[in-house]
Protein chains: 2
Amino acid sequence: MQKKKYNISVEATLEVIGGKWKCVILCHLTHGKKRTSELKRLMPNITQKMLTQQLRELEEDGVINRIVHNQIPPKVEYELSEYGRSLESILNSLCAWGENHLTKVYGDKFSVLEDSVLNEQLK
Amino acid sequence: MQKKKYNISVEATLEVIGGKWKCVILCHLTHGKKRTSELKRLMPNITQKMLTQQLRELEEDGVINRIVHNQIPPKVEYELSEYGRSLESILNSLCAWGENHLTKVYGDKFSVLEDSVLNEQLK
DNA sequence: CGGTATCCCTACAGATACTG
DNA sequence: CAGTATCTGTAGGGATACCG
C-alpha cells in the first residue's frame with residue numbers, strides 16, 4: 001500500500017494544516033504576503049527552526065508559495081498559493097470562532113493581541 | 001495575568017479543537033450521538049487512554065455532552081453540545097476540503113475508509 | 001463496557017551556534 | 001536576513017494491567 005489510509009477525510013486536512021503552528025501561519029498569510037521576519041514577529045513564541053520547518057511543509061503540500069528575492073541582505077516572502085486560498089474561508093471561520101469563544105469564556109475584554117501590540121512582546 | 005495570552009484568535013480555537021484527535025471525534029459526532037465503543041471502532045488507531053482524555057477535554061470546553069446511562073453493562077454516549085454545534089459548519093468544511101484534497105493528490109480513487117469498511121479493520 | 005493507573009519511550013520541539 | 005546543524009530534554013502518547 002503506497003497510499004496512507006484515512007478513516008475519515010478530515011484526517012487528510014489535518015495532515016496539511018494540523019501542524020502545531022500551521023493554522024496560525026496560514027491565518028497570518030490570509031492578510032497578505034509576509035516576510036520571514038514579519039512572521040516571526042507575529043508569532044513571538046515560535047522558534048526559527050519550527051517556523052522554517054512548518055513553512056517548508058506547507059510549501060510541499062502546495063498551500064503556500066515561497067518567493068525568494070535574490071538580493072543582499074536576503075529577502076524571502078511567503079503567501080497563500082492559489083490552492084491555499086481554498087482554505088481561506090475555513091481559516092476565517094476558525095479565527096472568528098476563536099474570537100467568539102474568547103468572548104464567551106472571558107467576557108468582552110479578552111486578551112487577543114493583534115498585530116498592534118507586538119512591540120513590547122519582543123522579550 | 002490570569003488569562004492566557006493569544007497572539008491571534010485562531011489560537012483560542014486550536015486550544016479547543018486542536019488536540020490530536022479532537023477534530024476527528026467532533027466530525028464523527030456531527031453524524032449523531034455515539035457510544036464510546038462506536039467511537040473506538042470509528043478510530044481504530046486511537047487508544048482508550050487518548051479517547052477518554054480527548055473526550056474529557058472536549059467536554060470541559062463545553063463542545064460535547066457526556067450522557068451516562070445508569071445500567072449494567074455501562075453505556076455512555078457522546079454528542080455535540082449546543083455550543084459544539086456552532087462548530088459544525090467548520091467541521092463539515094474541513095471534511096470536504098480533505099476529500100477534495102485526496103482527490104487532487106491521489107486522483108479519483110483514494111483510500112478514505114468511511115464507516116462502512118470497519119469490519120475488517122478490527123485487527 | 002467504560003474508565004483508570006502505571007510504566008516507559010521516542011518524537012517533537014527548544015536552545016545554541018554557525019553559514020551564505 | 002534567512003536558514004541550517006547539533007545537541008538535548010521533556011511531555012505527549014503507547015502498551016499493559018486492572019477496576020466498578
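In this text the structure is predicted, and so the values were computed from the model without any measurement. The sequence lines fix the lettering, A, B, ..., with proteins before strands; numbering per chain opens at 1. For the numbers below, each heavy atom of this structure counts, side chains included, while hydrogens, waters and symmetry mates do not.
Comparing the end axes of the helix from C:dC1-D:dG20 to C:dG20-D:dC1, each fitted to five base pairs by superposing C1' atoms of four pairs onto the next four, gives an inter-axis angle of 50° (nearest 10 degrees).
Spacing between atom CG of A:L39 and atom C1' of D:dC1 amounts to 13 Å, rounded to whole angstrom units. In this entry the distance linking CD of B:Q71 with P of C:dG2 reads 10 Å, nearest Å. We find that CD1 of A:I72 is positioned 9 Å from C1' of D:dC1, with the value rounded to whole Å. As rounded to whole Å, 12 Å separates atom P of C:dC1 from atom CD of B:E38.
The number of heavy-atom neighbours closer than 6.0 Å to CD of B:Q71, taken from other residues, nucleotides and ligands shown, is above 12.
By the salt bridge (Lys or Arg N to Asp or Glu O under 4.0 Å) test, B:E79 is found to be paired with no residue, residues two or more places apart in sequence or in another chain being considered. For A:E57, the salt bridge (Lys or Arg N to Asp or Glu O under 4.0 Å) partners at least two apart in sequence or on another chain are A:K22.
B:T30 places no side-chain N or O within 3.5 Å of a backbone atom of B:E88 that could act as its donor or acceptor partner. Judged by distance alone, the side chain of B:T13 and the main-chain N or O of A:W97 form no donor-acceptor pair under 3.5 Å. Between the side chain of A:S9 and the main chain of B:G98, no donor-acceptor pair closer than 3.5 Å is present.
Under 4.0 angstrom from either OP1 or OP2 of D:dA2 there lies at least one side-chain N or O belonging to A:R35. Within the structure, a side-chain polar atom (N or O) of A:T47 is placed less than 4.0 Å from OP1 or OP2 of C:dG14.
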(request) Test B:K40 against B:Q48 for side-chain hydrogen bond (donor to acceptor under 3.5 Å, both in side chains), laying out the working first. (result) CA-CA 8 Å; B:K40 227 179 310 187; B:Q48 167 80 29; 2.4 Å; yes
(request) Could you check B:Y6 against B:E15 for side-chain hydrogen bond (donor to acceptor under 3.5 Å, both in side chains), going step by step and ending with a plain yes or no? (result) CA-CA 10 Å; B:Y6 300 97; B:E15 196 117 320; 3.2 Å; yes
(request) Check the pair B:R66, B:L55 against side-chain contact (heavy atoms from CB on, under 4.5 Å), reporting the backbone distance first and the verdict last. (result) CA-CA 9 Å; B:R66 181 167 184 259; B:L55 286 168; over 6 Å; no
(request) Show your reasoning for whether side-chain contact (heavy atoms from CB on, under 4.5 Å) applies to A:K33 and A:Y78. (result) CA-CA 6 Å; A:K33 207 184 296 180; A:Y78 296 93; over 6 Å; no
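Using a 4.5 Å cut-off on side-chain heavy atoms (C-beta onward), A:N7 and B:N45 make contact.
Of the residues in residues 73-81 of chain A, those lying under 4.0 Å from DNA chain D by heavy-atom distance are A:P73, A:P74, A:V76, A:Y78. Residues of residues 16-27 of chain B having a heavy atom closer than 4.0 Å to DNA chain D, listed by number: B:K20. Of the residues in residues 48-70 of chain A, those placing a heavy atom less than 4.0 Å from an atom of DNA chain C are A:K49, A:M50, in numerical order.
For the side-chain contact (heavy atoms from CB on, under 4.5 Å) with A:L26, the qualifying choice from A:I90, A:L94, A:L91 is A:L91, the only one to do so. B:E77 pairs with exactly one of B:K34, B:H69, B:R35 by the side-chain hydrogen bond (donor to acceptor under 3.5 Å, both in side chains) rule, that one being B:H69.
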